[in-house]
Amino acid sequence: MTATNDFIPITPYTHNIEKGIFQWSAPSNIALVKYWGKRDDLGHQIPANPSISFTLNHYKTITSVAFEKKVNQDNWSFDLLFEGQPKEEFKPKIQKFLERIAPFMPFLKDYHFTINTQNTFPHSSGIASSASGMAALAMNFMSIEKALNPEMTEEYFYQKASFLARLGSGSACRSVKGNLVVWGNQENIEGSSNLYGVPFSGKVHSIFENYQDTILLVDKGEKQVSSTVGHDLMHNHPFAERRFEQAHENIDQLIPIFENGDLEAFIKIVESEALTLHAMMMTSMPYFILMKPNTLQIINAIWKYRNETKTPVCFTLDAGANVHVLYPENVKESVLQFIQSELVGYCQNGQYLCDQIGFGAATL
Ligand code: DP6
């Protein structure tokens with residue numbers, strides 16, 4: 001599919017269903033090359049540059065959607081449960097998501113939905129649940145559409161699921177399918193699209209199998225500046241255009257690195273991307289800083305450890321103070337020892353989460 005309108009069903013659904021229920025899990029993901037900035041002139045949630053991410057495995061959202069035909073079809077209606085309990089605070093976000101996806105899902109107003117969602121990561125861990133949450137929700141709505149139109153191809157199913165997830169939260173489109181996912185037009189990556197994420201189709205060296213991501217929870221508080229506001233500050237940002245070009249260059253450089261497993265080169269790009277993301281925040285107007293003193297302590301400790309031991313461990317950051325420590329599985333034992341002895345003290349309540357690369361959403 002190449003255009004937004006390709007995702008509007010043109011023929012009526014072939015099946016009629018009174019009620020049913022689906023359940024999907026979708027993982028979080030961590031970007032190696034960051035999405036930061038949107039092209040609002042091109043539509044909702046169109047990235048200013050392409051990004052590529054590792055899909056995580058353990059940390060995910062599990063969401064079921066029960067649906068039942070209703071009489072009044074003027075508008076949509078839904079109940080929202082979080083861990084089985086009604087959660088009014090989450091409703092506006094879902095309401096907005098439904099508004100965004102409505103043009104592409106003509107069945108929405110025919111049913112009443114009961115959405116029940118839960119996360120496998122700890123409460124208020126500072127881990128963003130919007131990527132996994134929106135992806136899990138999108139998968140369920142696609143399952144309903146597929147039930148109404150069973151001829152749908154698998155390719156369309158996953159592309160459209162990622163397309164819908166993107167409308168909920170940009171990075172969510174990278175949590176649908178694949179262990180390395182590209183989102184955004186990138187000349188050298190066939191099939192890449194601004195509209196949805198695609199599994200990276202190039203060769204990937206075995207060193208990246210089961211790549212580890214240990215998330216150090218530095219600060220679990222509310223962020224002072226939301227991602228949405230941060231993206232917006234890339235408009236009229238003095239370094240924006242150069243930054244967007246750089247993201248293309250970094251993805252181009254990663255393609256051979258994924259194939260030959262050159263971790264030294266991999267680390268340079270990944271750490272530079274993390275610091276560039278935060279440099280963009282520090283040089284926007286208004287400017288802001290999301291890193292905390294302990295974020296820098298951890299970065300320095302990782303650099304020292306890497307220098308001394310030659311262990312290929314590096315960090316990345318998302319839009320917050322937490323640090324993702326990335327390393328291959330073959331050094332897992334020594335890196336975990338290092339984390340426990342040197343880094344845990346910088347974590348809030350000593351908390352950190354261990355994850356590794358996974359494969360995307362799964363039906364339950
Ligand atoms: C820094 O996907 O959370 O994590 O599209 O406004 O929902 P919205 O933003 P979001 O932005 C994520 C930004 C990032 C980098 C990345 O994941 O690529």
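Atoms within each ligand, like the ligands themselves, are counted from 1 in listed order.
- Ligand 1 places these atoms under 4.0 Å from at least one heavy atom of Ala31: 16 (C), 17 (O), 18 (O).
- No side-chain heavy atom of Val181 sits under 4.5 Å from any side-chain heavy atom of Val198.
- Among all non-hydrogen protein atoms, the one lying nearest atom 6 (O) of ligand 1 is Lys38 NZ, 2.7 Å.
- The Ala319 neighbourhood of ligand 1 comprises atoms 1 (C), with distances under 4.0 Å to a heavy atom of that residue.
- Within the listing of ligand 1, atoms 6 (O) sit less than 4.0 angstrom from a heavy atom of Thr228.
- By the 3.5 Å distance cut-off applied to N or O atoms, Leu277 is not counted among the residues near ligand 1.
- Considering Tyr305, Tyr327, Tyr352 in turn, Tyr305 is the only one that fulfils the ring-ring contact (aromatic ring centres under 6.0 Å, His included) rule with Phe338.
- What sits closest to atom 16 (C) of ligand 1 on the protein, heavy atoms only, is Arg174 NH2, 3.3 Å.
- Annotation for ligand 1: atoms under 4.0 Å from non-hydrogen atoms of Trp36 are 1 (C), 13 (C).
- Close N/O approach between Ser171 and ligand 1 is found [any backbone or side-chain N/O within under 3.5 Å].
- Proximity of the aromatic rings of Phe163 and Phe7 is defined here by a centroid distance below 6.0 angstrom, and this criterion is met.
- Ligand-side atoms of ligand 1 in range of Gly170: 2 (O), 5 (O), 7 (O), 8 (P), range being under 4.0 angstrom from any heavy atom.
- Remark: Lys60 NZ to Trp24 CH2 distance equals 12.5 Å, nearest 0.5 Å.
- Ligand 1 places these atoms under 4.0 Å from at least one heavy atom of Ser169: 2 (O), 3 (O), 5 (O), 7 (O), 8 (P), 10 (P).
- Gln246 and Asn49 are not linked by any side-chain donor-acceptor pair at a separation below 3.5 angstrom, with hydrogens and angles left out of the test.
- Looking only at side-chain heavy atoms (C-beta outward), Glu99 and Trp76 come within less than 4.5 Å of each other.
- From the protein, the heavy atom lying nearest to atom 9 (O) of ligand 1 is His231 NE2, 3.1 Å.
- Closest protein heavy atom to atom 4 (O) of ligand 1: Asp318 CB, 3.8 Å.
- A perpendicular orientation is assigned to the rings of Phe113 and Phe107, their planes being inclined by more than 60° (bins at 30° and 60°).
- If you run side chain to side chain contact (heavy atoms under 4.5 Å, CB included) between Ile302 and each of Asn300, Ile299, Ile298, only Ile298 comes through.
- For the atom pair CG of Leu343 and OG1 of Thr214, the computed distance is 9.5 Å after rounding to the nearest 0.5 Å.
- For atom 15 (C) of ligand 1, the nearest protein heavy atom (residue, atom name, distance) is Tyr35 O, 3.3 Å.
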